[in-house]
*Asks:* 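Shown below is the structure under consideration.
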Protein chains: 2
Amino acid sequence: MVSLSQPAYSRLDVEERRRRLLEMGTELFTRHSYDELSMADIARHAGISKGLMYHYFPSKRDYFVATLQQAATELAAVVEPSGTGTPLEQLTASVDAWLTWIDANAEAYAKLMQSATSVGEVRELIEGIREATAQRILDGLSPDSEPPPAVRSAVKGWLWFMDGVLLDWVAHRDIGRSALRDQLLGTLLGALAAAAGPDAAEISTAG
Amino acid sequence: MVSLSQPAYSRLDVEERRRRLLEMGTELFTRHSYDELSMADIARHAGISKGLMYHYFPSKRDYFVATLQQAATELAAVVEPSGTGTPLEQLTASVDAWLTWIDANAEAYAKLMQSATSVGEVRELIEGIREATAQRILDGLSPDSEPPPAVRSAVKGWLWFMDGVLLDWVAHRDIGRSALRDQLLGTLLGALAAAAGPDAAEISTAG
DNA sequence: TCGCTTGTTGACCATCGGTCGATAACCGTA
DNA sequence: TACGGTTATCGACCGATGGTCAACAAGCGA
């Protein structure tokens with residue numbers, strides 16, 4: 001009477017299990033915030049024991065970050081400049097791709113930005129992206145020389161500007177995508193002009 | 001032998017105790033991050049029991065937010081526009097005051113921004129400040145009419161720009177305060193120009 | 001000196017992230 | 001079909017944390 005014909009659980013291939021857990025995680029974490037979910041919750045939701053979660057992911061944070069990795073790499077590929085055209089053209093294309101992606105994944109983007117609230121790793125991840133992007137832009141501006149502090153500051157700040165505008169955008173949705181792209185790029189030029197000093201303000205509009 | 005002449009603890013007036021706890025908190029939280037400190041730690045540091053902490057503050061988050069309140073109101077008063085002069089002059093003064101405050105409290109500012117990482121309430125607090133500030137600026141731009149989406153977006157994004165630039169500033173400290181102020185204001189003008197459309201870019205430099 | 005008010009304590013609880021030895025499902029082999 | 005080894009999986013357990021609460025006692029007024 002004790003032994004049932006059906007096994008108490010089914011063994012899955014490691015990669016298969018891992019894949020399922022990640023898939024489920026991406027969905028769970030877009031619906032609930034990081035600390036709304038306990039590992040016990042997640043495990044229960046997956047129909048496995050909590051211990052097994054830790055067999056596949058060393059920590060809750062690791063699990064969370066891993067669920068973002070997929071979207072992150074996909075996103076990085078999209079924004080990656082083509083390598084052809086002037087730096088400004090490349091940047092325009094990148095921003096355009098970036099906006100298109102967010103347009104389609106607004107919820108995920110907002111959730112990501114908000115999740116920086118709970119998970120320090122995400123903040124570092126975002127900060128890392130900003131840093132790398134800033135470096136690319138600065139390289140495009142002056143490939144060889146060290147940029148003046150004001151220019152570095154302007155580019156860095158502009159990336160914050162983008163996130164602020166984009167969060168506003170996904171919240172309101174009352175601006176066209178191409179108009180927004182032009183506005184973003186225009187602001188970068190304005191910021192660079194301001195960085196060059198008030199006397200040089202006409203530089204940005206002259207070119 | 002059991003009873004000592006000295007009492008085991010001393011009773012303090014409620015407001016006095018609360019004041020001390022807040023004062024100690026502001027100092028503790030600028031040295032350690034939110035989740036580096038447990039309530040037990042804090043209580044031990046204050047020489048009281050953990051239970052008493054919860055007698056004065058309903059939760060750890062509440063305690064944390066309360067410690068920020070003091071600095072936040074002080075800061076709001078500093079940045080509050082004088083009410084005299086043109087909107088641009090008022091804004092200039094506000095930014096200047098803002099930079100001066102950060103110059104003196106760089107550590108606290110960076111810590112605050114970073115602590116948004118751990119405590120959702122702080123993020124909401126910052127977001128609330130941005131919202132209110134944006135409204136003030138928009139009122140200064142066009143007191144009566146609803147601003148166009150692009151303008152609202154530009155102002156909102158500029159406030160993010162500020163935080164990005166300021167974090168960069170406190171990290172590097174390689175820009176003069178007045179130069180930075182001019183750069184910030186110049187960027188706002190550039191952002192507004194970009195919001196008005198690429199054709200109207202000369203507006204910002206014409207004035 | 002007594003008794004009341006209430007600031008204060010310390011034991012206690014649920015939950016969380018995380019660990020680990022035991023168990024049993026599945027596969028290769030005979 | 002039975003067996004044995006591999007290892008995916010379980011579930012009991014741990015220390016720490018945020019939070020609760022009944023009981024205690026410091027200080028004050030009568």
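Each chain gets a letter, A, B and so on, in the order its sequence line appears, and its residues count up from 1. These numbers were taken from a predicted model, which means no experiment stands behind them. Side-chain atoms are counted along with the backbone in the values below, which use heavy atoms only and exclude waters and symmetry mates.
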*Asks:* Within residues 56-64 of chain B, which residues have any heavy atom lying less than 4.0 Å from an atom of DNA chain C?
*Replies:*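 Correct list: B:Y56.
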*Asks:* Quick one: side chains of residues 183-191 of chain A, donor-acceptor pairs under 3.5 Å with protein atoms, not counting sequence neighbours, listed by atom name and distance.
*Replies:*
residue : atom : partner : partner atom : Å
A:Q183  : NE2  : B:A150  : O            : 2.9
A:T187  : OG1  : A:Q183  : O            : 2.8

*Asks:* Using a 4.0 Å cut-off on heavy atoms, which residues in residues 12-19 of chain B reach DNA chain C? List them by number, or say none.
*Replies:*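 B:L12, B:V14, B:R17, in order of number.
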*Asks:* Just N and O in the side chain of A:H55: are any of them under 4.0 Å from OP1 or OP2 of D:dA8?
*Replies:*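 Yes.
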*Asks:* Please write out each protein N/O paired with an N/O of nucleotides 20-26 of chain C under 3.5 Å, distance rounded to 0.1 Å.
*Replies:*
residue : atom : partner : partner atom : Å
C:dA25  : OP1  : A:A8    : N            : 3.2
C:dA25  : N3   : A:R11   : NH1          : 2.8

*Asks:* Taking the side chain as C-beta and beyond, is there a heavy-atom pair between A:I175 and A:V165 under 4.5 Å?
*Replies:*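 The answer is no; the side chains never approach within 4.5 Å.
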*Asks:* What heavy-atom pair brings A:Y56 and A:R18 nearest, and what distance separates the two atoms?
*Replies:*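 Smallest heavy-atom distance, with atoms named: O-NH1, 3.1 Å.
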*Asks:* Of all the heavy-atom pairs spanning B:L159 and B:R130, show the shortest one and how long it is.
*Replies:*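 That closest heavy-atom pairing would be CD1-O, 3.2 Å.
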*Asks:* Looking at B:Y34, does the NZ or CZ of B:K60 lie under 6.0 angstrom from its six-membered ring centre and within 45 degrees of the ring axis?
*Replies:*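 Because its charged atom sits under 6.0 Å from the ring centre and within 45° of the axis, B:K60 does stack over B:Y34.
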*Asks:* Using atom CE of B:M53 as one end and atom P of C:dA11 as the other, report the distance to the nearest whole Å.
*Replies:*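 Value for this atom pair: 19 Å.
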*Asks:* Reading DNA chain D from 5' onward, which residue's closest nucleotide shows up sooner: A:G47 or B:M39?
*Replies:*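 In this pair, the answer is A:G47.
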*Asks:* In whole angstroms, how far is the C1' atom of D:dA16 from the CG atom of B:L37?
*Replies:*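 Roughly 15 Å, once rounded to whole Å.
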*Asks:* Would you kindly give the CD1-to-C1' distance between B:I42 and D:dG19, to the nearest whole Å?
*Replies:*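 So the two atoms are 13 Å apart, to the nearest Å.
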*Asks:* Determine yes or no for a side-chain-to-main-chain donor-acceptor pair under 3.5 angstrom, with B:E16 supplying the side chain and B:D13 the backbone.
*Replies:*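 Checking the backbone N and O of B:D13 against the side chain of B:E16, no donor-acceptor pair under 3.5 Å is found.
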*Asks:* Quick one: list whatever passes side-chain contact (heavy atoms from CB on, under 4.5 Å) with A:R44, sequence neighbours left out.
*Replies:*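 side-chain contact (heavy atoms from CB on, under 4.5 Å) check on A:R44 returns A:A40, A:D41.
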*Asks:* Return yes if some donor-acceptor pair links the side-chain N/O of A:S33 with the main-chain N/O of A:F29 below 3.5 Å, else return no.
*Replies:*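 No; judged by distance alone, with no hydrogens or angles, the pair does not exist.
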*Asks:* Mark yes when over 12 heavy atoms from residues, nucleotides or ligands other than A:E15 sit less than 6.0 Å from its CD; otherwise mark no.
*Replies:*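 Open.
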*Asks:* To the nearest angstrom, how far is B:R44 atom CZ from D:dA16 atom C1'?
*Replies:*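 Those two atoms, CZ and C1', are 12 Å apart.
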*Asks:* Could you state the atom-to-atom distance from CG of B:D35 to C1' of D:dT17 in whole Å?
*Replies:*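 In whole Å, D:dT17 C1' and B:D35 CG are 12 Å from each other.
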*Asks:* Should the side chain of B:K50 and the base of C:dG10 be counted as holding a donor-acceptor pair, with the cut-off at 3.5 Å?
*Replies:*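 It does not, because no donor-acceptor pair links the side chain of B:K50 to the base of C:dG10 below 3.5 Å.
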*Asks:* Under 4.0 Å between any heavy atoms, over every strand shown, what does A:S38 touch: base, sugar-phosphate, or nothing? Just pick one.
*Replies:*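 Touches sugar-phosphate only.
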*Asks:* Tell me, please, which residues at least two apart from A:F57 pass ring-ring contact (aromatic ring centres under 6.0 Å, His included).
*Replies:*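 Partners of A:F57 under the ring-ring contact (aromatic ring centres under 6.0 Å, His included) test: A:Y63.
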*Asks:* Just verifying a value: how many Å separate B:F161 CZ and B:W158 CH2, rounded to the nearest 0.5 Å?
*Replies:*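 These two atoms lie 9.0 Å from each other.
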